[in-house]
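These numbers come from a predicted model, not from an experiment. Below, chain A is the first sequence line, B the second, and so on; all start at residue 1. Below, all heavy atoms of this structure are taken into account, side chains as well, without hydrogens, waters or symmetry copies.
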Amino acid sequence: MKYNHKEIEPKWRKNWDESEIYRTGEGKDKPKYYILDMFPYPSGAGLHVGHPKGYIATDVYGRMRMMQGYNVLHPMGWDAFGLPAENFALANKVHPRIATEKNIATFKKQLAQLGFTYDWEREINTTDPEFYKWTQWIFLEMFKRGLAYESREPINWCPSCKTGLANEDLENGRCERCGSLVEKKPMRQWVLKITAYADRMLNDLDKLPDWEESIKVMQKNWIGKSEGANVKFEVRSEKLSARGGSASGGEVKSAIEVFTTRPDTLFGATYMVIAPEHELVEQLKDKITNYKEVKEYAEAAKNKSEVERAELNKEKTGVELKGVKAINPVNNEEIPVFVADYVLIAYGTGAIMAVPGHDERDFEFAKKYNLPVREVVKAEKKIDAECFSGDGVSVNSDFLDGLETAEAKKKMILWLEEKGIGKKSVSYKIKDWVFSRQRYWGEPFPLAYCENCKKLAEEHIAASEIDLKKVRSFADAQDDKEMGGFTLGELLNPGWIGNEELPVTLPEVEHYEPTGTGESPLANINEWVNTICPKCGGAAKRETNTMPQWAGSSWYYLRFEDPKNDLALVDKEKEKYWSPVDFYVGGAEHATRHLIYARFWHKFLFDIGAVSYDEPFTRLQHVGLILAEDGRKMSKRWNNVINPDEIVEKYGADAMRVYEMFMGPFSQAVAWNTNGLIGARKFLERVYKLKSQIPNPKSQTNSKIQNPNFKIDNLLHKTIKKVGEDIESFKFNTAISQMMILVNEMTAASGLSKEQYEALLKILAPFAPHLCEELWEEVRSEKLEVRSDKYKNLSIFKEEWPAYDPELIKDEMIDLVIQVNGKVRDTISVDAGISEEEAKKIALESENVKKWTQNKEVKKIVYVKGKLVSIVV
RNA sequence: GCCGUGGUGGUGGAAUUGGUAUACACGAGAGACUUAAAAUCUCUUGAGGGCAACUUCAUGUGGGUUCGAGUCCCACCCACGGCACCA
């Protein structure tokens, strides 16, 4: 009999389906284990062999947990909204819904043939109204608490996808999806206040010891917390200051507020810079004598894309605001003010104090425009020649002189706070999440705009003198009197009314191409746009933007716990049982995207009591890519894509599973190699053949001859130990190599007991489930003499994961290594229980060793128990 | 520029606490079986020297610590990933 995967694999998949062996119960008598893959976009191209790598790993892990007696949740679903799905639909002239349905069918078929343990009863789809009802619900809860706001600030705009984008959607200033250069464009947008959670997201990374360090570091950098101070610099027009600090400090028109992480260098600030977009350019219009020049520079800078501004990096440019001066508050010096595009409006206050002596960029600018450079932190080299940006001891800084940087910072902040010209402050690189897209294929916002309610809201705000900023810090305060029957979101965004009747379904349209006008295609459907106000019943218009692709994926993992609940996004009891996700596996590219968003939403859901723990994913592991055989990424463009269907057809799903787990360390990118795959297949064939080495059970006498072979038992139990430990730590490649060693030994051995073979099948089963199930059935049906149609109850996955015997993994003999002056000169096989004295004696008596020790004095002998003797001469 | 990860045979890679470097697999070479090929099986396979026992060198480079370093320390080079005028 040959190993015929084409017969075995479909047979067992059908059997698993019929016996419902992978149905996830609520069995609360068992410990739970929730293992999750990042769910895929069902793209039009289908799967290539790289996609399932992570799914295979979670499947292997999940199957082991199952055999260890856990109640395992290992679900799968579809992240089907968003640009890629829509762009595919546009290119192929089919409705996104139709295209998505078709793609899901393809993906499902492809996944099915790999033999995963998914419970399809729990399948979810983000484009299903029953699912996005709850995505909308979460948005609405955020809106009510003031975490969603309408903004008209300039944002990233992709001219090709014709939509606004979040910072997380960019790659080097280009659209992550299509590669177009992104422009800055003022747009009406819904924005989520992710910055309100920045500090918690940062601090709580410490609660995640089982996340890969590299991903935590990436998140830390993305959040980008900087501590320092905000300082106000007065601005005077030149005429005034020429009179020399005229009486009562009089006509101070305005001030520039800067953010700095180095308040200790304030004495070294010799000029100031504001960003081209800074409001002061307009405010000082009458005072600036070269306003035309300044305005021209600012306009030119605004029209540049971010990439252009960054590429022009080499040479700094700027224009001085003639006619105005700023006053350095620590020494009352008059310093010039520039507008320059190396200062970004979006970070800090959009303005800086320039300290050329201790900041590279300021130094470069100062050199170009001949501005004074002052040493205020003791530097090794001359400050005119090279700036020094490190920490040190303050000099030329009056009351800070002699203090270390950390101390100087503290003292300066105290001083500033005392004088009321500055205060301690924190800045983040992370920006609020631009949450609307001007596209069709996304969740509609559950919001309507009502002129009547707008008036009422504004009247209430005016009459009650409610301090919205204050309320904001008590986000869920809902005092009816104070709020006048409005939610915080409705007061912060007058006119916008939350629609509690969910879902707000996405209407069918004829034309779903993006309009490019800043409105989505939904704006053209009058009967949908015109609605009645959910609050007052008057005429209202729906919001026509849609949510970004990340919306559904920010909470989907909760829905798997209770996928059909129409009363809540997840039942509290079920959430308590299944959450958090114990193990989450997916691509590292999500480190600063999906994983940031999901943590943000989860923390919000925790705050409103919808979930019971404030971090969603306990352990996180990232998958390394599978590259094409040529070492490049698999892509249609290079024509190097390998389709899993062909691999399964030719070599079988089990061979593909084993190979993908064996090809290299899990988190590392490795190139596909079909010969390597064939190696995995050969290994499985050897396992198959091994069965014939078990003596026939019907001839009892025969089996007595086959004494359990200690050597095999020893190796078997070492293997059981190693495979278990390696799966646990996602080191599948070494788990498989250990099993190969075992199978090679078993093949060479004269006899093999059924028990030994069965143990091998159990530890291999998570990797090659079809084959092991088949062999298990064959071995068991012979032994138990049951007919094969009863196999339903015989699944190997209902067996217990084998335990290793600590006695059996002890070696009888060890190879004692003997070194002379650190070089290996001999290895001798000795009894494992050898004493130190004996070992040393044997070592010194070795002929090979004598060659190196004769005529020399033995100075020292180092003994490492059970390993080596090191002789120093 | 900053942060992170890594650098081991022809290739993918293994090596627990500092203790036999190159496990396992691929590729290559030789042989067996065969009319032949495929498949399968056996042996060889880091480099150099030697008939052999054996021996010298080798884990990106240069130093150091140690009886002993792929592993620890210092300096540097290279590759990949992330961030990037973030004050």
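Atoms CG (A:N821) and P (B:rG68) sit 8 Å apart, rounded to a whole Å. The nearest whole Å value for the distance from the CD atom in A:Q621 to the C1' atom in B:rU5 is 14 Å. Atom CD1 in A:I215 sits about 11 Å away from atom C1' in B:rG4, given to the nearest Å. Distance CZ (A:F767) to C1' (B:rC24): 14 Å, rounded to an integer number of Å. One atom, CD of A:E212, and another, C1' of B:rG4, lie 12 Å apart when rounded to the nearest Å. What separates CG of A:N172 from P of B:rG81 is a distance of 11 Å, to the nearest Å. In this structure, the CG atom of A:N221 is 17 Å from the P atom of B:rG1, given to the nearest Å. Here the C1' atom of nucleotide B:rC26 and the CH2 atom of A:W672 are 14 Å apart, to the nearest Å.
Residue A:K823 is classed as a sugar-phosphate contact, given heavy-atom separations below 4.0 Å to backbone atoms only. Across all strands, A:G348 comes closer than 4.0 Å to no nucleic acid atom at all (heavy-atom distances). Here A:V273 lies out of heavy-atom contact (under 4.0 Å) with every strand. Within 4.0 Å of A:I741, counting heavy atoms only, lie sugar-phosphate atoms of the nucleic acid but no base atom.
Look at the P atom in both B:rA53 and B:rG19: the space between them is 29 Å, to the nearest Å. A gap of 12 Å separates the P atoms of B:rA47 and B:rG9, to the nearest Å. B:rA14 and B:rG60 are spaced 14 Å apart, taking the P atom of each and rounding to whole Å. Going from the P atom of B:rA28 to that of B:rA39 covers 11 Å, rounded to whole Å. Atom P of B:rG6 sits at a distance of 33 Å from the matching atom of B:rU56, rounded to the whole Å. Look at the P atom in both B:rC76 and B:rG81: the space between them is 24 Å, to the nearest Å. B:rG4 and B:rA84 are spaced 14 Å apart, taking the C1' atom of each and rounding to whole Å. Rounded to whole Å, the separation between the P atoms of B:rC41 and B:rC26 comes to 10 Å.
Remark: A:N744 is in phosphate contact with B:rA25, judged by side-chain N or O atoms under 4.0 Å from OP1 or OP2. For A:N675, a side-chain nitrogen or oxygen approaches OP1 or OP2 of B:rG27 to under 4.0 Å.
Considering every non-hydrogen atom in both A:L202 and A:K220, the closest pair reads CD1-CG, 3.3 Å. Residues A:A275 and A:L344 share a closest heavy-atom pair of CB-C, 3.9 Å.
Between A:H594 and A:H590, the two ring planes are perpendicular [angle over 60°; tilted spans 30° to 60°]. Using bins of under 30°, 30° to 60° and over 60° for the plane-to-plane angle, the ring pair A:F732/A:F730 lands in the tilted bin. A:Y342 and A:F365 have tilted rings, their planes meeting at an angle from 30° to 60° on a 0 to 90° scale. Classification of the A:W433-A:Y597 ring pair by plane angle, with boundaries at 30° and 60°, yields parallel.
Listed by chain and residue number, nothing satisfies the ring pair (Phe, Tyr, Trp, His ring centres under 6.0 Å) test with A:W852 (two or more places apart in sequence, or in another chain). Contacts of A:V339 classified as side chain to side chain contact (heavy atoms under 4.5 Å, CB included), with partners at least two apart in sequence or in another chain: A:I274, A:P276, A:V294, A:Y297, A:V319, A:L321. Take A:R825 and apply the salt bridge (Lys or Arg N to Asp or Glu O under 4.0 Å) test, not counting sequence neighbours, and it matches no residue.
Taking only distance into account, the side chain of A:K316 meets the base of B:rC85 through a donor-acceptor pair shorter than 3.5 Å.
Nucleotide B:rG68 is shown with an anti base, its glycosidic torsion being more than 90° from 0.
Looking at A:V723, A:I720, A:L715, A:T747 one by one, the single match for side-chain contact (heavy atoms from CB on, under 4.5 Å) with A:L742 turns out to be A:L715.
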Reading nucleotides 10-19 of chain B from the 5' end, what letters show protein touch, with B for base, S for backbone sugar-phosphate only, - for no heavy atom under 4.0 Å? --BSS----B
Protein proximity profile, nucleotides 40-55 of chain B - base contact B, sugar-phosphate-only contact S, no contact -, cut-off 4.0 Å on heavy atoms: S-------------SS
Let me check I have this right: for RNA chain B, each base becomes ., (, ), [, ] or |, based on Watson-Crick or G-U pairs with both distances under 3.5 Å. What is the full string? (((((((..(((......[....)))((((((.......))))))((((....))))..(((((..]....))))))))))))....
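Heavy-atom distances to RNA chain B give each of A:G350 and A:E171 a nearest nucleotide, and the one nearer the 5′ end belongs to A:E171.
A:K184 NZ: more than 12 foreign heavy atoms inside a 6.0 Å radius. Annotation: A:K850, atom NZ; neighbour count of heavy atoms from other residues, nucleotides and ligands within 6.0 Å is above 12. Heavy atoms of other residues, nucleotides or ligands lying less than 6.0 angstrom from NZ of A:K367 number more than 12.
Salt bridge annotation for A:R681-A:E685: present, with a cationic side-chain nitrogen under 4.0 angstrom from a carboxylate oxygen.
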